[in-house]
Amino acid sequence: MPPERIHITTAITYSNGPPHVGHAYEYLAADSYARFMRRKLGKKNVTFVTGTDEHGQKNRDAAVKAGLAPKAFADQISAMFKQAHAGLNISYDYFVRTTDPVHEAFVQKMLARSHTSGNIRFREYEGLYCVGCERFYTEKELLPGNLCPEHNQKAELLKESNYFLNLEKYRDRIRDQIKRNRDFIRPERYRNEALKMLDEPLADLCISRPKARLDWGIELPFDANYVTYVWYDAFWAYLSELPDTSDDALKAILPVTEHFIGKDILKTHAVYWPAMLLAVELPLYRSLNVHGFLNFGGARFSKSSGNVADPLAYEANPGPDVLRYFLLRDVVYGLDGDFTEERLIERYNADLANDLGNLTSRVLSMAARYFDGEVTAHPASNREDAAICEAFAGVAPRSDAMLETLAFNRALEVIWQALDAANKYIVATSPFTLAKDPAKLPRVAEILANLLEGLRVVADTLAPFMPVTSRKILDLLAIGESIAHAPFGQGLKPGHHVKPATPLFPRIDAKRS
RNA sequence: GGCGGCGUAGCUCAGUUGGUCAGAGCAUGCGGCUCAUAUCCGCAGUGUCGUAGGUUCGACUCCUACCGCCGCCA
């Protein structure tokens with residue numbers, strides 16, 4: 001039973017470089033889900049947060065490398081991501097930067113709360129420290145001879161005092177939550193992995209960094225010599241800039257919060273984040289929706305090999321919604337996917353140009369040619385029409401059911417099955433043949449009424465996945481918001497006028513590359 | 001090293017609790033239609049369902065071992 005209200009988040013991007021298709025994938029999945037939920041629960045009942053994670057060692061290092069102050073560098077990166085969100089039509093409500101004063105104040109509030117409730121301990125710590133990495137390693141992580149795997153230089157024994165969050169205290173509660181609730185972490189493979197992480201006792205989580213070592217972070221409210229660890233900082237971005245961050249509001253929003261994250265940050269979200277919440281006596285989130293990685297032509301993406309595509313380029317050409325369609329249709333949520341331009345173009349031609357675009361075109365053309373664009377009949381239900389009416393009527397509920405379980409690909413498949421049924425229906429009823437006999441025009445009108453009404457339902461169901469295209473089709477059908485969501489058969493009425501066809505997705509010549 | 005996942009037509013993958021499950025889409029070939037973006041419809045395939053055993057009247061579906069790829073934890 002879905003809640004009446006929902007809060008959706010993407011990971012708060014920690015990046016020292018520009019956005020690529022891998023980032024875009026997460027935004028697009030979360031965005032489609034958010035749009036879907038808005039349609040279902042109403043705009044007011046959905047909030048959607050994204051943003052950039054700007055503190056920490058790596059960001060500071062990248063800034064130094066770029067010859068900029070950390071904040072100036074963060075401004076640059078953050079602006080790039082914000083621009084990417086806009087270009088990809090990501091419908092977020094809040095874009096949180098972890099350097100925003102509101103966020104910083106919120107984090108300090110939570111730190112203070114954990115501290116006063118006795119869940120944060122200060123103690124001396126001795127470990128093997130790599131000066132190059134500026135971080136501690138466990139012996140197991142190091143190469144023989146205590147060599148750092150990154151720098152191949154010897155890690156030194158270093159003594160440092162830090163603040164620690166007791167994770168072990170919460171291990172049982174977190175594990176119980178995962179066990180009790182099948183949807184807490186999904187898909188199931190990640191749920192299993194998370195459970196395994198909680199089988200063994202957990203070491204304390206270090207949540208501070210001495211300013212002497214790293215000063216690019218949020219100062220601990222109870223010790224001015226320290227800043228907080230970047231992860232502790234970042235999680236709170238999911239909540240920090242909501243309009244109401246009172247305890248009551250947080251207690252209401254967390255149980256309806258759905259996080260979209262990549263599999264690389266499963267542990268932090270399945271173990272650390274719940275412990276952080278429990279340490280301030282807040283409830284846990286509703287579910288963690290874990291997606292896989294995107295490969296590029298079979299190879300893992302890497303900045304150095306230059307196979308990281310710029311997602312915004314695809315919005316310009318082949319056009320808006322195409323990257324969204326491809327990623328959501330071709331990748332199974334939770335599994336790794338493969339991105340290549342060849343596959344993108346294959347999908348574009350086969351699904352968007354041939355199926356969706358051409359069907360829209362042929363239906364609108366007939367409507368224009370035979371009836372001047374006027375709908376002159378109600379959707380009919382002759383024996384011949386029963387199957388198609390059923391197909392159209394079933395699109396939305398069947399697609400929605402798939403989306404509930406994050407099966408974006410299956411949801412789109414359902415829509416395309418309806419397109420397929422429509423093409424078969426046209427051949428079976430041959431309105432273009434009937435139209436040659438004036439006596440049969442009333443029947444042609446019925447057929448077209450069914451098809452136009454079907455297109456409307458398809459366009460509406462498609463809206464979360466392809467918002468721009470959906471709007472374009474609805475515009476061609478001259479459909480306003482008010483009747484866009486009506487069930488099949490209750491939208492277009494006789495007397496309604498639709499517009500002439502225009503190609504939505506011109507075919508791409510395969511030879512061009 | 002421990003645990004887990006995957007290996008099904010050229011490609012991407014579906015295959016619920018073992019018995020029309022050997023399938024879909026794309027790509028390919030042939031035929032048809034003409035409203036439509038050389039689009040649409042129909043037909044045609046190819047597969048030792050990773051390998052070798054086992055359980056069963058019967059296994060892609062369960063068990064064992066092995067091979068290959070991957071992930072998580074060590």
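Throughout, a chain's letter reflects where its sequence line sits, starting with A, and its residues are numbered from 1. Side chains included, hydrogens not; waters and symmetry mates left out as well; all remaining heavy atoms used.
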For the P atoms, the ones on B:rC73 and on B:rG15, what distance do you get once it is rounded to whole angstrom? 27 Å
Kindly point out which of B:rA36, B:rC72, B:rC41 is positioned nearest to the side chain of A:Glu193? B:rC72
Just call it for A:Leu504: base, sugar-phosphate, or nothing, with non-hydrogen atoms closer than 4.0 Å on any strand. base
What is the distance, rounded to the nearest whole Å, between atom OH of A:Tyr190 and atom C1' of B:rC70? 11 Å
Check every atom of B:rU37, B:rA74, B:rC41 against the side chain of A:Val427 and return the nucleotide holding the closest atom. B:rC41
Expressed as a whole number of Å, how far does the C1' atom of B:rC60 sit from that of B:rC49? 5 Å
A:Arg507 side chain near B:rU39 phosphate (N/O to OP1/OP2, under 4.0 Å): yes
Among the candidates B:rA74, B:rU37, B:rU34, find the nucleotide nearest to the side-chain atoms of A:Lys267. B:rA74
Just compare B:rC40, B:rU37, B:rC35 and give me whichever is closest to any side-chain atom of A:Asn423. B:rC40
For atom NE2 of A:His485, is the number of surrounding heavy atoms from other residues, nucleotides or ligands below 6.0 Å larger than 12? yes
Distance check, P atoms only: B:rC69 and B:rA27, in whole angstrom units. 32 Å
Using atom P in both nucleotides, what's the gap between B:rC72 and B:rU56 to the nearest angstrom? 41 Å
Spacing between A:Met366 atom CE and B:rC35 atom P, to the nearest angstrom: 9 Å
Just compare B:rC35, B:rC26, B:rC72 and give me whichever is closest to any side-chain atom of A:Tyr370. B:rC35
Nearest-Å distance for atom pair CG/C1', residues A:Leu441 and B:rC35: 14 Å
Closest nucleotide among B:rA36, B:rU39, B:rU34 to the A:Asn354 side chain: B:rU39
Between A:Phe505 and A:Tyr348, what is the ring plane arrangement, given parallel below 30°, perpendicular above 60°, and tilted in between? perpendicular
Just to be sure I understand: a Watson-Crick pair is purine N1 to pyrimidine N3 plus N6-O4 or O6-N4, both under 3.5 Å. Using that and G-U wobbles, which stems of three or more pairs involve RNA chain B? B:1-7 with B:67-73, B:10-13 with B:23-26, B:28-32 with B:40-44, B:50-54 with B:62-66
Nearest whole angstrom, please: distance from the C1' of B:rA38 to the CZ of A:Arg362. 14 Å
Between A:Glu346 and A:Ser365, the residue closer to the 5' end of RNA chain B by nearest nucleotide is A:Glu346
Would the A:Phe339 and A:Tyr314 ring centres measure less than 6.0 Å apart? yes
Is A:Pro431 touching bases, backbone alone, or none of the nucleic acid, heavy atoms closer than 4.0 Å? nothing
A:Thr461 (side chain) donor-acceptor with A:Val457 (main chain) under 3.5 angstrom: yes
Distance between the P atoms of B:rA52 and B:rA44, in whole angstroms? 31 Å
What nucleotide among B:rU37, B:rC41, B:rU12 has an atom nearest to a side-chain atom of A:Asn358? B:rU37
What is the distance from CG of A:Leu198 to C1' of B:rC3, rounded to the nearest Å? 15 Å
B:rA24 and B:rA14, which share atom name C1', separated by this distance in whole Å: 7 Å
When you match A:Lys196 and A:Ala350 each to their closest nucleotide on RNA chain B, which lands nearer the 5' end? A:Lys196
Within the pair A:Arg347 and B:rU12, is there a side-chain N or O less than 4.0 Å away from OP1 or OP2? no
Sole candidate of A:Phe235, A:Tyr190, A:Phe184, A:Tyr285 that passes ring pair (Phe, Tyr, Trp, His ring centres under 6.0 Å) when paired with A:His269: A:Phe235
d(CE, A:Met402; C1', B:rU16) in whole Å: 12 Å
On the nucleotide B:rG42, are OP1 or OP2 found under 4.0 Å from the side-chain N or O atoms that A:Lys424 carries? yes
If you only use heavy atoms from C-beta on, which nucleotide in B:rU39, B:rC40, B:rU34 is closest to the side chain of A:Asp355? B:rC40
Span that lies between the C1' atom of B:rG54 and that of B:rA59, in whole angstrom: 12 Å
Distance between C1' atoms of B:rU8 and B:rG25 (Å, rounded): 15 Å
Using modelled atom types and a 3.5 Å cut-off, is there a donor and acceptor pairing between side-chain atoms of A:Glu26 and backbone atoms of A:Ala11? yes
Check every strand shown and say whether A:Asp420 touches a base, only sugar-phosphate, or nothing at a heavy-atom separation below 4.0 Å. sugar-phosphate
Rounded to the nearest 0.5 Å, how far apart are CG of A:Asn450 and CZ of A:Phe488? 5.0 Å
Would you say the side-chain atoms of A:Glu453 pair up with the backbone N or O of A:Leu492, donor to acceptor, closer than 3.5 Å? yes
A:Trp416 atom CH2 is separated from B:rC13 atom P, nearest whole Å, by 19 Å
Considering only heavy atoms from C-beta outward, does the side chain of A:Asp420 approach that of A:Asp355 to under 4.5 Å? no
Please confirm whether the ring centroid of A:Trp231 lies under 6.0 Å from the ring centroid of A:Trp236. no
Specify the separation, in whole Å, of atom CZ of A:Phe326 and atom P of B:rC26. 16 Å
